[in-house]
Amino acid sequence: MTGRFANIIVDISHEKVDRPFQYRIPEALREEIAVGTAVMIPFGRGNKLIKGYVMEITDKAEYDEERLKAIDSVVKGGISAQGDALRLAWWIKENYGSTMIAALKTVLPVKQKMKQLVKKTLVCKADAAAAKAEEFEAKHQKAKARLMRELSIQPIIPQSLVTGKLNITAQTIQSLEKAGLIEVQSEDIYRSALPANVSQGWQKKQPGKLSEKQRAIVDSIAAEFQAGIRQTYLLHGVTGSGKTEVYMELIDYVIAQGKQAIVLIPEIALTYQTLVRFYQRFGDRVSVMNSRLSAGERSDQYERAAKGAIDIMIGPRSALFTPFERLGLVIIDEEHEGSYKSESMPKYHAREVAEALCRMKHASLLLGSATPSLESYYRAQKGEITLFELKERLAGGELAQVYVEDLRDELKSGNRSIFSRRLHALIEDRLKKGEQTMLFINRRGYAGFVSCRACGYVMKCPHCDVSLSEHTDRHRKTSRLVCHYCGYETPNVINCPQCGSKYILGFRAGTQQIEELLHKEFPAARVLRMDADTTKSKDSYEQILSQFANEEADILVGTQMIVKGHDFAKVTLVGILAADMSLHAGDYRAGERTFQLLTQAAGRAGRSALAGEVVIQTYQPENYTIIHAANQDYEGFYEEEISYRDLMMYPPVAHMMAVLVLSADALTGAEHAQELADRAKDRCGAKNPVIIGPTEASIGRINDVYRYIFYVKHRDYQVLVDIKNELEDFIGRLQWSTDSVQFDFDPMSNY
Ligand code: ADP
Ligand code: ZN
Ligand code: ZN
């Protein structure tokens, strides 16, 4: 590209500098600088050198040419944003609201090339190495003699051996090289991203034969691929139904077409076994990105991908930004997982970004899950994407027997323990038989709901139909109930509005309490606990799981962490102690999350020849989420859940944008949130957006930053994007010095 000027985005993420700044390109740098190049530029009054990315190269000066500063240099080893990355960053900025630099950094997960590892080999050039060795020996040049002697035995030796075992200095090697006696050959090598025991002794494993159903899915996607059709597919298949085999077969096909593939797997589910499976099938053509890699390892995988040295990248969310030139297929396993949504700005969803990327690269997108997100299933129902199903398990036993235990009945019968009578009896039975039990309490998103122990009634917001959260005022010792969406408040109740019982209260139970109770009720049982506290140190997560796998404990108690991925042959009982905790998390996705968790937890029991049993304890056995989860009936759950979303205008039927105002000052923060909400209403009133709030966020202050939130709902996503753009413009003009604003589309968590 020609041009004397570059428009550059600076590496400072703030609304105020979120625009390109123009610089002169010095003659000497013309050749090196292209769109996307990372450069150092003098910035601001002090002309401090900072990093930036070239967005555009032009011949048109925006100001007096004399007044333009010049680019200082090109960042050494800096990774530049190529065409696709730039377009994708732009798409992310536009659709989720963030500064361009934050979007750019998102699509460049590796920003700096780390030093390449080089393998050096010494080769003997002299025919008569032995004669030379004698010559040096005569002159008492021992080191040189030692090396030449070694080379006379084996004419090619790795340098590491020479400097190491033979104890010969680099200088000696150099002087021999100068004298023309030896040659030093260098070869770039890459750090491996796979654990050594995965990649050593690799033997390609021949894939097994696909079942008829698996074959039909692969064939129909491949046929469309062949015909040039690219679209999004959803594979709904219970755990163990053979989804991964389908993925691998499709990848094989796509690679045979000269294309490359990205496989996203949530980090927590990206187990050693999964890596081995892919490696056995594809060998060195596969690599992995995850948070355990060192910077050098990451940089090398990025480089290998950019060079086309690999065909498959496996990893969590950020692996989506692997710089594949010939991308043909993206697979997102467990597509319903919350970890696919970024929690920092830009708050993008990997599923949506993957779809945008696939459009740009003309690639296919395959989503897989045992419990598809409402988003994906809804689109499949509308015919926007193609649905495939695998309903049977291919290996690993029968589905478990599920019992739903009504905790209200327990109370009536005078049982106030955390364990229902059935669960208690079953734990006892397992201890006798020497089989294992997993007990699970879900605290994710737990927001302090209030429910009646006698009738199961839950205090809910009359406007939003989500549960209210209890806020206790320390000073006045009173408590009130608050809606996290609209800010609706009511004093806490003393008697149940439905049955008058006085047993209406907040729900408090933690893993530690359960552990203590287990010791009391089952003194002989060996108990392991897994939660945020016991997994703080590195490797403790793996340690607890392997202890449990080795049957060093009878019972594993834990949070949602324990339900993922791992198969324990001896686990024949799973207890979900309070299904209500996630059911009443106070947001519109609570039911969906609960269904997913219960399904997953139920899948933990009976993965082997031993039959499994699952006990779900709840105060609301009549709740449709519980009923359908107990029956493992996804479609039944979907039908009821989608009509709730439709009725209440929640995603995916409608869309919802959270606007979070962060402020150093409580008062101005509240004012600004109100101003923005008014603006959204005034400017976009004709489009009839529904505005909820503003109100104080559920966590009202973090690190002395006050947080205010409001929501905008609309059936058309684009209207929300328009409102976001309008607000961004407005904020850009206002120059609020203390505040920043974050957007979140179709939020997955509470604010
Ligand atoms: P998912 O990804 O849906 O959990 P997997 O692909 O891991 O399912 O398959 C579950 C188990 O069934 C694995 O042990 C796998 O080797 C086996 N399996 C998959 N497909 C077949 C098949 N066509 N024939 C026999 N076994 C299969
Ligand atoms: Zn009641
Ligand atoms: Zn409300």
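Order of appearance sets the numbers: ligands from 1, and atoms from 1 within every ligand. This one's a predicted model, so the numbers in the text were calculated from it and none came from an experiment. The figures that follow rest on heavy atoms only: side chains count, while hydrogens, waters and symmetry mates do not.
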query: Between R589 and E375, does at least one N-O distance fall below 4.0 Å, as a salt bridge requires?
result: yes
- line: Within 4.0 Å of some non-hydrogen atom of L210, the atoms of ligand 1 are 23 (N)
field: Shortest heavy-atom approach to atom 4 (O) of ligand 1 - which of G240, P207, S241
entry: G240
message: Using ring centroids (six-membered ring only for Trp), state whether Y634 and Y377 fall under 6.0 Å.
response: yes
query: Taking only heavy atoms of K209, which atoms of ligand 1 are found under 4.0 Å from at least one of them?
result: 22 (C), 23 (N), 24 (N)
- prompt: Between R277 and ligand 1, does any nitrogen or oxygen pair lie at a separation below 3.5 Å?
  reply: yes
- prompt: Does one side chain, of Y279 or R285, offer a donor that lies under 3.5 Å from an acceptor on the other?
  reply: no
field: the Zn ion (ligand 3) reached by C483 (N, O or S, under 2.8 Å)
entry: yes
field: Short N-O contact, R645 and E641, less than 4.0 angstrom
entry: yes
statement: One finds that the ligand 1 atoms under 4.0 Å from a non-hydrogen atom of V238 are 3 (O)
message: Is there a polar contact, in the sense of an N or O pair closer than 3.5 Å, between G242 and ligand 1?
response: yes
- prompt: What orientation do Y624 and H628 show, parallel under 30°, tilted 30 to 60°, or perpendicular over 60°?
  reply: tilted
- prompt: Should one rank R215, Q214, K213, E212 by closest heavy-atom distance to atom 20 (N) of ligand 1, which comes out on top?
  reply: Q214
- request: Anything under 30° is parallel, anything over 60° is perpendicular, the rest tilted; go ahead and classify Y485 against Y650.
  value: tilted
- prompt: Roughly, to 10 degrees, what angle do C486 atom SG and C464 atom SG form around the Zn ion (ligand 3)?
  reply: 110°
- request: Work out the angle at the Zn ion (ligand 2) between SG of C499 and SG of C452, rounded to 10°.
  value: 110°
message: Salt bridge check, E245 against R277: does any charged N sit closer than 4.0 Å to a carboxylate O?
response: yes
Pairing of K213 and E389 as salt bridge, 4.0 angstrom limit: no
task: To the nearest 10 degrees, could you say what angle the Zn ion (ligand 2) makes with SG of C496 and SG of C455?
output: 110°
- request: Would you mind running through ligand 1 and noting each atom that sits below 4.0 Å from a heavy atom of S211?
  value: 23 (N)
